[in-house]
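Note sheet for the following structure.
Scope of the values below: all heavy atoms of this structure, side chains included, with no hydrogens, waters or symmetry mates. Sequence lines set the chain letters: A, B, ... in the order given, protein chains first and strands last, and positions in each chain run from 1.
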Amino acid sequence: MKTRKMNQHAIILKVYCYTPICKPLNGSLPRSNASHMLRLNQYSYKYNFNGKKEKKEASSVLYFIKGIKGVLRHKIANICMSAGLDVCHSTDKEVDKHGNRLLPEGYHLLGSCVEKKECVLHQIFGSKGHEGIIVVQANPITSIPHKTAEISGRIQQVHIASENRVNLTYNGKSVQDFSERYFSGNFHFEIDVTSCTPLQLGLIIEGAMNFDRLGRGYNTGYGHVQVNKIQLLKRTVTRTPVMDENGCFIVQNQITEESRNKHFQNALEVWQNGINT
Amino acid sequence: MELTLEGEIITPIISRKTVFKVENCRAVILNPKRRYITKSHKERRIYPYSFIGYLGKIKVTYRCQTFPQVKNKLKELLSIEHIGRFWSEGLGKISWLAGWIGSQAKEHKKTQSSRVKIRKGLPHQLPEQIQRLIRYALLHDFVHTPRHKSKIYIELQVRDVEILKQHHENSDNVLIQTFQKYDRLAAMMTRKIRSPRTNRYTWESKSIVDFELLAHDIESLDNNVWKLYLYIYESKELQQLNESLNYGHSSLRNHLLLIANLIVQDFLRGSL
């Protein structure tokens, strides 16, 4: 099985966003008409009950935000196209089996530029057989209704609910009704840019600034995302096993973060100069 | 020496199996919860691909002979952040919790499983009670009951037919109670894949069975348990018939032999 090892000194681009309603759905569960987000483990926590000292236990479901990397890729491709650069398209076939042309003008086939001159998009995101250099991930999201909840660990609190929709009615009765899960609120995601050059980093920052959509139903008003803040950090992670007498040990994680404002501005300048030249 | 590391899976690891290798170490997913991860494609109109992922706890074990080897491997394993495919999208993320180092590596022996072996024949010496129980087990499906008819369509004319007909009912008879325990155990072991049928022939049967001849042969062997067992063991006709109409792959021969062998196994162990 393939593994990815962590960088002890990683450079991370943190993007803080807000969405009124967003549906990054995974699919419907068996024997139900509801489309769900990718469901993860249950998160258990304690909270103070009625302002007293006694504590109660409760749990909430964690969900995974899908599709961030795909949106970022499309945004960066659009920026490159507007700057006059030739980049990879997401398809590796020119024509489908019905004879329809899949490749738009200005793009080349996915991975066809590796042998000649590798495009920026392929350098960052890679293709089949060529690994990319960035990791895009977001902490799992939950909705915790208790205000006095004691939360530990990396989770994001948002509002999660399901929306019922009716697709078809007959004599006033719904024939095809379905529901979709959505979330709303502030959230953030991280991009690991440790092995990126300043030019690539500048391009990624520009792509993150134009990050405006996520999930299903953009044309009907869903999935609009607003970027509030972008931060470049240097994160150092140390994992140490604290040994016991019996040969057992507990793994302790220590994380420290420093801001890198100079590198942020420098990367944007390098990218804009690169376009002009 | 043996090193074990336990961790929590935060986002699902994409793999077909719950046992795999990580950095030449054996990794097992404990209490696995299956998740289907879909991946849609924008470039052309196709159905979204789906991948199988697992959540739960991950346990990694490493066996070696010296302490420096353990130390190096521990460093290597602690630095792992993602396992499996699509790590660039945040899948397969893990966090290590705890671990321990064993002083001596356990000898890797295969544990003897308590599998039932189908015997070619019954043991030579059997007490009368066991003989009665085995006879009851071998003949119980050839009589009409309120729940089902005879599984060879013809009811046998043997002794103690009325007791044989009660094998689905609640009764105080010790013989019936002990039989029901083994019958249910054998049914649980053989009924794995549900495949409904409208007749008694299994999905694999090709020829037609002469039920009258089969019933006549079984009736003639009523007095001798050893011969009856051998007849069922060698019978190709009973192999073609199913034990349950809902499970069209489980054969009647295997079901009868399994009950008899479970009884014999418990008798030889001394637990019956």
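Nearest heavy-atom pair, Ile101(B) versus Phe249(A), reported as atom, atom and distance to 0.1 Å: CG1-CE2, 4.2 Å. Smallest separation of non-hydrogen atoms from Leu40(A) and Ile10(B): CD1-O, 3.7 Å. Here the closest heavy-atom approach between residue Leu78(B) and residue Met6(A) is recorded as O-CE, 4.5 Å. The two residues Met1(A) and Ile83(B) have their closest heavy-atom pair at CG-CG2, 3.5 Å. When all heavy atoms of Val251(A) and Trp96(B) are compared, the closest pair comes out as CB-O, 3.8 Å. The two atoms that bring Gly56(B) and Asn41(A) nearest to each other are N-OD1, 4.5 Å, heavy atoms only.
Counting heavy-atom pairs under 4.5 Å between each of Lys2(A), Arg239(A), Arg4(A) and chain B puts Arg4(A) at the top.
Applying the 6.0 Å contact sphere to CG of Asn100(A) captures more than 12 heavy atoms from other residues, nucleotides or ligands. Arg26(B) CZ: 12 or fewer foreign heavy atoms inside a 6.0 Å radius. For Lys73(B), the NZ atom counts as densely surrounded, since its 6.0 Å shell holds more than 12 non-hydrogen atoms of other residues, nucleotides or ligands. Other residues, nucleotides and ligands contribute at most 12 non-hydrogen atoms within 6.0 Å of the CZ atom of Arg16(B). Dense packing is recorded around CG of Leu185(B), with more than 12 heavy atoms of other residues, nucleotides or ligands lying under 6.0 Å away. Shown here is Ile255(A), whose CD1 atom has more than 12 heavy atoms of other residues, nucleotides or ligands within 6.0 Å. When the shell of 6.0 Å around NZ of Lys59(B) is examined, it contains 12 or fewer heavy atoms from other residues, nucleotides or ligands. Surrounding NZ of Lys5(A) are more than 12 heavy atoms belonging to other residues, nucleotides or ligands, all under 6.0 Å away.
The CG atom of Leu77(B) sits 9.0 Å away from the OG1 atom of Thr3(A) when rounded to the nearest 0.5 Å.
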Name the atoms and distances for all side-chain donor-acceptor pairs under 3.5 Å in residues 64-71 of chain B, with sequence neighbours left out.
residue, atom, partner, partner atom, Å
Thr66(B), OG1, Gln69(B), OE1, 3.2
Gln69(B), OE1, Gln65(B), N, 3.4

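Of the two parts of Glu131(A), only the side chain, counted from C-beta on, holds a non-hydrogen atom closer than 4.5 Å to a non-hydrogen atom of chain B. In this structure, the portions of Glu76(B) lying under 4.5 Å from any heavy atom of chain A include both its backbone and its side chain. In this structure, chain B has no heavy atom under 4.5 Å from any part of Asp96(A). In this structure, the portion of Leu5(B) lying under 4.5 Å from any heavy atom of chain A is its side chain and not its backbone.
Remark: Tyr218(A) pairs with His224(A) by the ring pair (Phe, Tyr, Trp, His ring centres under 6.0 Å) rule, at least two apart or across chains. Every residue two or more places apart in sequence or in another chain that forms a side-chain contact (heavy atoms from CB on, under 4.5 Å) with Ala137(B) is listed here: Phe179(B), Ile259(B), Ile263(B).
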Test side chain to side chain contact (heavy atoms under 4.5 Å, CB included) applied to Trp100(B) and Asp244(A), step by step: CA-CA 9 Å; Trp100(B) 57 90; Asp244(A) 195 7; over 6 Å; no

CA sep, side-chain torsions, deciding dist, call: Leu55(B), Arg39(A), side chain to side chain contact (heavy atoms under 4.5 Å, CB included): CA-CA 10 Å; Leu55(B) 283 168; Arg39(A) 191 178 164 148; over 6 Å; no

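Close approach to chain A, defined as a heavy atom under 4.5 Å from one of its heavy atoms, is seen in Gly84(B), Trp87(B), Ser88(B), Glu89(B), Gly90(B), Leu91(B), Lys93(B), Ile94(B) of residues 84-94 of chain B, taken by number.
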